[in-house]
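We name chains A, B, ... by the order of the sequence lines, and we start the count at 1 in each one. Owing to the predicted nature of the structure, the values given are computational and were not obtained by experimental measurement.
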Amino acid sequence: DAGVTQSPTHLIKTRGQHVTLRCSPISGHKSVSWYQQVLGQGPQFIFQYYEKEERGRGNFPDRFSARQFPNYSSELNVNALLLGDSALYLCASGSASGSHNEQFFGPGTRLTVL
Amino acid sequence: SQQGEEDPQALSIQEGENATMNCSYKTSINNLQWYRQNSGRGLVHLILIRSNEREKHSGRLRVTLDTSKKSSSLLITASRAADTASYFCAPWAVEGAGSYQLTFGKGTKLSVIP
């Protein structure tokens, strides 16, 4: 079975631009979460979506937004890119939005902002 | 914060030896998940241990959880060079109504020398 897939793998943008990252969860999973991982740190929670509704939001500015589609895939959008947005963006899927929920991560999208 | 903090930050062992990594967190959790990450790639889910469990095994992995001490440990027995990676613990708890997230520390960087 296919795991969590993310696209693109790598992306280079310049300051001020906009970026859209995509994620497809494991088949049958309805929950998608987004994390940002900067070099040398652990992943930081950005959003969780379940059944197309936002269930949680981390401490990120409004430049970050996301949505989940009827097929449970998801997009993460970042506006007005800053150099500090350079990071590995990870998507995780889970079968439910509950607290006993294993989260499976995709390979990530490496974003570089110049 | 529920953030997991791993100890030590770095660990270097010979192939065949056992590796033990520790994790501490600050508040009550529903479960705690361990992940492995190879060189800036996606996170691989290793084990989920629930708050009412004390020990769990998966192949060469053994995870313990002590909720009274708010700590967990990951033991990798008979290590192999392929176990070289960063290991993260991630407590999972409700942060406000309807918000579920994993919170990661900086991880333990394990090097297994052939």
If you count heavy atoms of other groups shown closer than 6.0 angstrom to [atom1] of [X], is the number above 12?
{"X": "A/Lys13", "atom1": "NZ", "answer": "yes"}
{"X": "B/Arg80", "atom1": "CZ", "answer": "no"}
{"X": "A/Arg15", "atom1": "CZ", "answer": "no"}
{"X": "B/Gln9", "atom1": "CD", "answer": "no"}
{"X": "A/Leu83", "atom1": "CG", "answer": "yes"}
{"X": "A/Asp62", "atom1": "CG", "answer": "no"}

Open item on the list: Taking side chain as everything from C-beta outward and backbone as N, CA, C, O, which of these in A/Tyr35 sits under 4.5 Å from a heavy atom of chain B? Side chain, backbone, both or neither.
Closed with: side chain
Task: chain B contact via A/Gln37 - side chain, backbone, both or neither, heavy atoms under 4.5 Å - done: side chain
Report the distance from atom [atom1] of [X] to atom [atom2] of [Y], rounding to the nearest 0.5 Å.
{"X": "A/Gln48", "Y": "B/Gln101", "atom1": "CD", "atom2": "CD", "answer": "9.0 Å"}
{"X": "A/Leu90", "Y": "B/Leu102", "atom1": "CG", "atom2": "CG", "answer": "11.5 Å"}
{"X": "A/Phe105", "Y": "B/Arg36", "atom1": "CZ", "atom2": "CZ", "answer": "14.0 Å"}

TODO: Go through B/Gln37, B/Lys109, B/Arg41 and name the one with the most non-hydrogen pairs under 4.5 angstrom from chain A.
DONE: B/Gln37
Task: Shortest non-hydrogen contact from A/Pro43 toward B/Phe88 - done: CD-CE2, 4.3 Å
Task: Nearest atoms (heavy-atom pairs only) where A/Gln103 meets B/Trp92 - done: CG-CZ3, 3.6 Å
